Amino acid sequence: MANKYYQRKYAPRLQAFRGRPDCTPFLDVFFLLLIFLTLSLPFVQLSGVEVTLPQIDAGRVRAGLERFIITVAPKPGGGSQLYFNDKPLNTDALAEALSEVSRQSDMKMIIVRADASTPHAVVTEVMTIAARFGLSTFLATGLSDDKKHGSSGSFATPNE
């Protein structure tokens, strides 16, 4: 009687697959992905005109940038000290130096490096003086590798 409950009343219709698998679904997905990726790639169109590009001297350009650096540092007693190419100046002398730069140099840009504790008004004043003489200003916001002064990263906090 126990055998009666465990007997199968109908045979399973599923059989193990024999033969080669169908590759059509795999190929469909592969080609759809290929078309999608091909259409999403940025295409750069080059003209058919062949030109010879000029060679530049990167050392000269870098040296030109280093000549026009304004540094704003805090004074020990309070206030800010301006340096133009590592020479201490006041705002009037800085204006004269920038007027000479705008007249004599082809490089119409300066780099402004300011200490983190420098008030925003001082940096704005320096940028206004430079704009008066038609000079573009760029703000340097990190420490270079050779001027880290013992900090552990390029954007060091004052507590480090």
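Heads up: numbering here begins at 1 and tracks the sequence. Remember, predicted model here, so these are calculated numbers, not experimental data.
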Chemist: Using residues 126-134 as the side-chain source, report each donor-acceptor pair under 3.5 Å to any protein atom, sequence neighbours left out, with the distance given to one decimal.
Modeler:
| from | atom 1 | to | atom 2 | distance (Å) |
| --- | --- | --- | --- | --- |
| Thr128 | OG1 | Thr124 | O | 2.7 |

Chemist: Would you confirm whether Asp115, through its side chain, and Val72, through its main-chain N or O, come within 3.5 Å as a donor-acceptor pair?
Modeler: no
Chemist: Which residues pass the side chain to side chain donor-acceptor pair (under 3.5 Å) test with Ser136, sequence neighbours left out?
Modeler: none
Chemist: Can you name the residues that form a side chain to side chain donor-acceptor pair (under 3.5 Å) with Arg103, not counting sequence neighbours?
Modeler: Ser99
Chemist: Quick check for you: to the nearest 0.5 Å, what is the distance between Leu135 atom CG and Met109 atom CE?
Modeler: 10.5 Å
Chemist: Check side-chain contact (heavy atoms from CB on, under 4.5 Å) between Tyr83 and all other residues, then give those that pass, not counting sequence neighbours.
Modeler: Thr71, Ala73, Gln81, Pro88
Chemist: Please test Ile70 against Ile111 for side-chain contact (heavy atoms from CB on, under 4.5 Å), starting from the C-alpha separation and ending with a verdict.
Modeler: CA-CA 6 Å; Ile70 298 173; Ile111 297 174; over 6 Å; no
Chemist: Can you measure from NZ (Lys75) to CG (Leu82) and round to the nearest 0.5 angstrom?
Modeler: 8.5 Å
Chemist: Which atom pair, heavy atoms only, marks the closest approach of Ile110 to Leu98?
Modeler: CG2-CD2, 4.2 Å
Chemist: Under a 4.5 Å cut-off applied to non-hydrogen side-chain atoms, are Val122 and His120 in contact?
Modeler: no
Chemist: Do Val101 and Phe68 pass the side-chain contact (heavy atoms from CB on, under 4.5 Å) test, and can you show the C-alpha distance, the side-chain angles, and the key distance before you say yes or no?
Modeler: CA-CA 8 Å; Val101 166; Phe68 308 123; 3.6 Å; yes
Chemist: Name the atoms and distances for all side-chain donor-acceptor pairs under 3.5 Å in residues 31-38, with sequence neighbours left out.
Modeler:
| from | atom 1 | to | atom 2 | distance (Å) |
| --- | --- | --- | --- | --- |
| Thr38 | OG1 | Leu34 | O | 2.6 |

Chemist: Restricting to side chain to side chain donor-acceptor pair (under 3.5 Å), what partner residues turn up for Thr24, sequence neighbours left out?
Modeler: Asp22
Chemist: As an exercise, state the distance from CZ of Phe84 to CD of Glu96, rounded to the nearest 0.5 Å.
Modeler: 12.0 Å
